[in-house]
Novice: 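Before I ask anything, let me first share the structure, which is written out below as structure tokens.
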2 protein chains.
Amino acid sequence: MRWSEIDTIPCPVAQAMSAIGDTWSMLILRDALRGATKFDEFQRATGASRAIVADRLSHLVEHGVFERSQYENHPPRFEYRLTKRGRDLQPVLMMLSHWSETHLGKSPAGKPLRLSGRRHTTCDHNFTPVITCSHCGDPATPDTITYDVPRHLTAKKAT
Amino acid sequence: MRWSEIDTIPCPVAQAMSAIGDTWSMLILRDALRGATKFDEFQRATGASRAIVADRLSHLVEHGVFERSQYENHPPRFEYRLTKRGRDLQPVLMMLSHWSETHLGKSPAGKPLRLSGRRHTTCDHNFTPVITCSHCGDPATPDTITYDVPRHLTAKKAT
DNA sequence: AGGGTTAGTTCAGAAAGCAGACTTACACAG
DNA sequence: CTGTGTAAGTCTGCTTTCTGAACTAACCCT
């Protein structure tokens, strides 16, 4: 299977990866969530080559994550702004970042990651993100969640 | 910058991508969280080539996401089991999946994703994941969160 | 003896990624 | 009016990675 075909897999994760899962997109999204909007900002912040940034940005625009709009006419200049779809990736990035801080931050490689003190303005305290159930509000941990896994994945071997 | 160098970027997201962010790892993790443990299970479920699966699995073992253990001696056979570090990626995958279901599921392309009815066994209701603050328990939405962004990203231009 | 299973490795050709130069069009300095 | 700078890319030639298919190896069952 080729990477360009993964959008044919009927699975939410595969679909998501097809849209935002290529190698540099997450870093572009990270920078967008921090406020970057211009081509060169993305290029500098990610360190990816210009061709890659151009390619990924247009891919993300195609998938409705960014909106490309001209903010200057005469030398045509564009900015990339996150759509709602794009802004809604913030929780994904936050959980990823939290995982990384928890598990990779104290790596023995001697590169202490700078923890980006996450603060909840509602209560004005530093916090860690906790996933809860939209129905009862209690934490939704892996062992308290079941899935109706699509049939085609269970038919052959029910683990 | 080459992709193989992104682990030098002092940012949790970049570190995470270095560990699990290449193109097929997420799909491998998805399958592992569904119970897959064997090489061929990963190969079949992801559809990636055998070389890629071998490469990614050993990469993930290196990064402490999987543990490789021999479960049969005579023809040496191995299984890959998620470590705690690996299992802790479940929330990340869940948020990603949730995003995908919300934003890509009803794509006009006519491929209705099968929603994998997420159920909270504690309250026995279907639910959607909500990120809350570990301190006060209230929802932690992007607009109620502030970050102490690392200096090297703000020094040049404070947006 | 022949075929199946599992966990890979190897190979050559194809695709993708890379750095850096180039382009276009304006703005400001001297 | 010539030169330098900025912004948003595109282009080029080289390097790296990915792919599909075959191959290995050691056991099992028939």
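Every value quoted in this text rests on a predicted model; they were computed, and no experiment measured them. Residue numbering restarts at 1 for every chain, and letters A, B, ... go by the order of the sequence lines.
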Novice: Specify the separation, in whole Å, of atom CD1 of B/I52 and atom P of D/dT16.
Specialist: 16 Å

Novice: From CD1 of A/I28 over to C1' of D/dA8, roughly how many Å is that when rounded to an integer?
Specialist: 14 Å

Novice: Could you tell me whether the side chain of A/Q43 and the main chain of A/F39 form a donor-acceptor pair under 3.5 Å?
Specialist: no

Novice: Is the shortest side-chain N/O distance from B/R44 to OP1 or OP2 of C/dT6 below 4.0 Å?
Specialist: no

Novice: Checking all strands, does A/Y80 fall into the base, sugar-phosphate, or nothing category for heavy-atom contacts under 4.0 angstrom?
Specialist: sugar-phosphate

Novice: Any idea which of D/dT19, D/dG9, C/dA7 is nearest the B/K38 side chain?
Specialist: C/dA7

Novice: Looking at the side chain of B/W3, which of D/dA8, C/dA7, C/dC18 is the nearest nucleotide?
Specialist: C/dC18

Novice: Could you say whether B/L57 or A/P76 is positioned toward the 5' end of DNA chain C, judged by the nucleotide with the nearest heavy atom to each?
Specialist: B/L57

Novice: Using a cut-off of 4.0 Å on non-hydrogen atoms, how would the nucleic acid contact of B/R2 be classed: base, sugar-phosphate, or nothing?
Specialist: sugar-phosphate

Novice: Rounding to an integer number of Å, can you tell me how far A/Q43 CD sits from D/dT6 C1'?
Specialist: 13 Å

Novice: Measure from the side-chain heavy atoms of A/A54 and tell me the nearest of D/dG9, D/dT19, C/dC18.
Specialist: D/dG9

Novice: When we call it a touch if two heavy atoms are under 4.0 Å apart, what does A/A51 touch: a base, just sugar-phosphate, or nothing?
Specialist: base

Novice: Between P on C/dG17 and CD on B/E5, what's the gap in Å once rounded to a whole number?
Specialist: 16 Å

Novice: Does the ring center of B/F66 lie less than 6.0 Å from the ring center of B/F78?
Specialist: no

Novice: Does any N or O in the side chain of B/T102 come within less than 3.5 Å of the main-chain N or O of B/H98, such that one atom is a donor and the other an acceptor?
Specialist: yes

Novice: A/R77 has a side chain; which of D/dA8, C/dA7, D/dT10 sits nearest to it?
Specialist: D/dA8

Novice: Would you say the side chain of B/I131 lies within less than 4.5 Å of the side chain of A/M95, judging by non-hydrogen atoms?
Specialist: yes

Novice: Starting at atom CG of B/L27, determine the distance to atom P of D/dC18, rounded to an integer number of angstrom.
Specialist: 14 Å

Novice: Of B/G47 and A/E79, whose closest DNA chain D nucleotide lies nearer the 5' terminus?
Specialist: A/E79

Novice: Would you say a side-chain N or O of B/W24 is under 4.0 Å from OP1 or OP2 of D/dT17?
Specialist: no

Novice: Do the charged groups of B/D88 and B/R85 touch, with an N to O distance under 4.0 Å?
Specialist: no

Novice: Please check this pair: side chain of A/R87 against backbone of A/L82, looking for a donor-acceptor N/O pair closer than 3.5 Å.
Specialist: yes

Novice: Atom CE of A/M1 and atom P of D/dT19: how far apart are they, to the nearest Å?
Specialist: 10 Å

Novice: Does a side-chain N or O of B/R50 approach OP1 or OP2 of C/dT10 to a distance below 4.0 Å, or not?
Specialist: no

Novice: Grab the CG-P distance between B/D40 and D/dC27 for me, whole Å please.
Specialist: 18 Å

Novice: Scan residues 59-72 of chain B against DNA chain C and write down, sorted by residue number, each residue with any heavy atom closer than 4.0 Å; if none is found, say none.
Specialist: B/R68, B/Y71

Novice: Can you tell me the distance, in whole Å, between the CZ atom of B/R56 and the C1' atom of D/dT19?
Specialist: 12 Å

Novice: In the structure I gave you, are the side-chain heavy atoms of B/L96 and A/M17 within less than 4.5 Å of one another anywhere?
Specialist: yes

Novice: Checking the side chain of A/T46 only, and the main-chain atoms of A/F42 only, is there a donor and an acceptor separated by less than 3.5 Å?
Specialist: yes

